[in-house]
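Below is one structure, written out as structure tokens, with a few remarks after it.
We count residues from 1, following the sequence as given.
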Amino acid sequence: SESSNSKSASNDNQKKRRRSTKEIEVGSDLEDLMEEQEEQPGDYADFSSMKLRDDHLLRPIWVLPDGRIFMEVFAPHYREVYDFLISIAHPLARTRLMHQYKINHASLYAATSLGLETTHIVKQLDRFSKNELPRTVVDYVTTYTERFGKATLVLKKGRYFVESHALHVLQQLMSDP
């Protein structure tokens, strides 16, 4: 009976779906990746294949391919990184030694409304990350920050108008019924 219990526990562990960083495709939507994790409670992600930088001990954050960011509170530059992360990501958990954040559409919209540009966000993430910045995160940040603020809806004399400094944005809006 005891051996059958250990066999079933072993089978349960084998049934857990392991997802490595190599399986996360470039262009994956971070929202979809986070939903996948929430839907499968026994699931876990294996990020052991992420490449650490040589000076990783001097950097305070881990940037994961699914858009989560872990920050070591005891690391150098904590205060600067904390202020930056609050402006680009939503806090999920803040324990005494480790904080967890999540990049999503709303947080990137807030960042762009504060005047942060795509290149600045990517450069800062790269500067503070212990690991090489995942391509999925770079693509996600680039895609969504470049979309925000391109057109505004203006009310004039009881009528709504769309204004934009970019002609291609107006053309794209007019071509979409």
Side-chain angles (χ1 to χ4, degrees), residues 9-148:
S10 172
N11 287 341
D12 287 345
N13 287 338
Q14 290 174 354
K15 288 179 185 176
K16 286 184 180 179
R17 186 175 155 271
R18 258 179 100 169
R19 182 179 63 232
S20 73
T21 55
K22 293 175 186 169
E23 294 176 37
I24 298 175
E25 297 176 15
V26 173
S28 296
D29 191 352
L30 299 184
E31 301 292 324
D32 294 340
L33 293 173
M34 290 301 288
E35 285 175 16
E36 281 179 26
Q37 285 184 343
E38 291 168 6
E39 290 172 5
Q40 300 175 7
D43 190 24
Y44 65 99
D46 177 10
F47 297 112
S48 61
S49 65
M50 291 180 10
K51 294 180 182 175
L52 282 176
R53 296 188 169 150
D54 293 336
D55 62 346
H56 65 89
L57 294 174
L58 302 174
R59 298 173 186 247
I61 64 174
W62 295 86
V63 180
L64 304 183
D66 62 2
R68 288 180 294 156
I69 300 171
F70 291 91
M71 179 177 62
E72 298 171 343
V73 175
F74 50 85
H77 309 289
Y78 160 74
R79 197 65 190 152
E80 181 183 359
V81 177
Y82 172 80
D83 291 340
F84 172 67
L85 288 180
I86 286 297
S87 67
I88 67 154
H90 288 292
L92 297 178
R94 291 189 234 178
T95 62
R96 192 168 56 100
L97 297 175
M98 189 75 69
H99 291 186
Q100 181 181 2
Y101 299 86
K102 176 183 162 189
I103 294 176
N104 61 25
H105 300 153
S107 66
L108 291 174
Y109 179 77
T112 57
S113 68
L114 290 172
L116 296 177
E117 295 181 5
T118 305
T119 54
H120 176 73
I121 294 169
V122 171
K123 282 181 183 177
Q124 290 296 88
L125 285 171
D126 190 51
R127 175 180 163 209
F128 294 122
S129 182
K130 291 176 170 292
N131 56 294
E132 292 178 5
L133 205 55
R135 188 80 223 156
T136 54
V137 172
V138 173
D139 290 346
Y140 186 82
V141 169
T142 303
T143 299
Y144 287 99
T145 56
E146 288 180 351
R147 289 183 185 176
F148 299 133

To the closest 0.5 Å, what do you measure between [atom1] ([X]) and [atom2] ([Y])?
| X | Y | atom1 | atom2 | answer |
| --- | --- | --- | --- | --- |
| H90 | H105 | NE2 | NE2 | 11.0 Å |
| R68 | W62 | CZ | CH2 | 13.0 Å |
| I69 | K102 | CD1 | NZ | 12.0 Å |
| L108 | E146 | CG | CD | 11.5 Å |

Are any of the side-chain heavy atoms of P65 and M50 separated by less than 4.5 Å?
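Yes, side chains in contact.
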pair L125-I103: side-chain heavy atoms closer than 4.5 Å
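L125 vs I103: side chains touch.
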Can you spot which of D126, L58, N131 makes a side-chain contact (heavy atoms from CB on, under 4.5 Å) with R53?
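Result for side-chain contact (heavy atoms from CB on, under 4.5 Å) with R53: D126.
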Going by side-chain contact (heavy atoms from CB on, under 4.5 Å), F70 matches just one of V63, L64, I61. Which one?
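Going through the options one by one, the only one that passes is L64.
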Under the side-chain contact (heavy atoms from CB on, under 4.5 Å) test, which residues partner T143, sequence neighbours left out?
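With neighbours one apart ignored, the set is R147.
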Would the Y144 and Y140 ring centres measure less than 6.0 Å apart?
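Ring centres of Y140 and Y144 closer than 6.0 Å.
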Run M71 and F128 through side chain to side chain contact (heavy atoms under 4.5 Å, CB included) and show every step you take.
CA-CA 10 Å; M71 179 177 62; F128 294 122; over 6 Å; no
Tell me if a side-chain donor or acceptor on S107 pairs with a main-chain N or O of I88 at a distance below 3.5 Å.
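Here the side-chain-to-backbone pair exists.
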Under 3.5 Å: donor-acceptor pair, side chain of T145, backbone of V141
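Here the side-chain-to-backbone pair exists.
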State whether the number of non-hydrogen atoms from other residues, nucleotides or ligands found under 6.0 Å of Y109 atom OH is greater than 12.
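At most 12 heavy atoms, drawn from other residues, nucleotides or ligands, come within 6.0 Å of this atom.
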Flag yes if more than 12 heavy atoms outside E117 fall under 6.0 Å of its CD atom; otherwise flag no.
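Open.
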Is it the case that D139 and T142 place a side-chain donor and acceptor less than 3.5 Å from each other?
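Per modelled atom types, D139 and T142 side chains form no pair under 3.5 Å.
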Run the numbers on H99 and V73 for side chain to side chain contact (heavy atoms under 4.5 Å, CB included), then give the verdict.
CA-CA 7 Å; H99 291 186; V73 175; 3.4 Å; yes
Begin with the C-alpha distance, continue with both residues' side-chain angles, and end with the deciding distance and a verdict on side chain to side chain contact (heavy atoms under 4.5 Å, CB included) for R127 and Q124.
CA-CA 5 Å; R127 175 180 163 209; Q124 290 296 88; 3.4 Å; yes
Test side chain to side chain contact (heavy atoms under 4.5 Å, CB included) on F148 and T118 and set out the steps.
CA-CA 11 Å; F148 299 133; T118 305; over 6 Å; no
Which residues share a salt bridge (charged side-chain N to carboxylate O under 4.0 Å, His left out) with D55, sequence neighbours left out:
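D55 satisfies salt bridge (charged side-chain N to carboxylate O under 4.0 Å, His left out) with R59 once adjacent residues are dropped.
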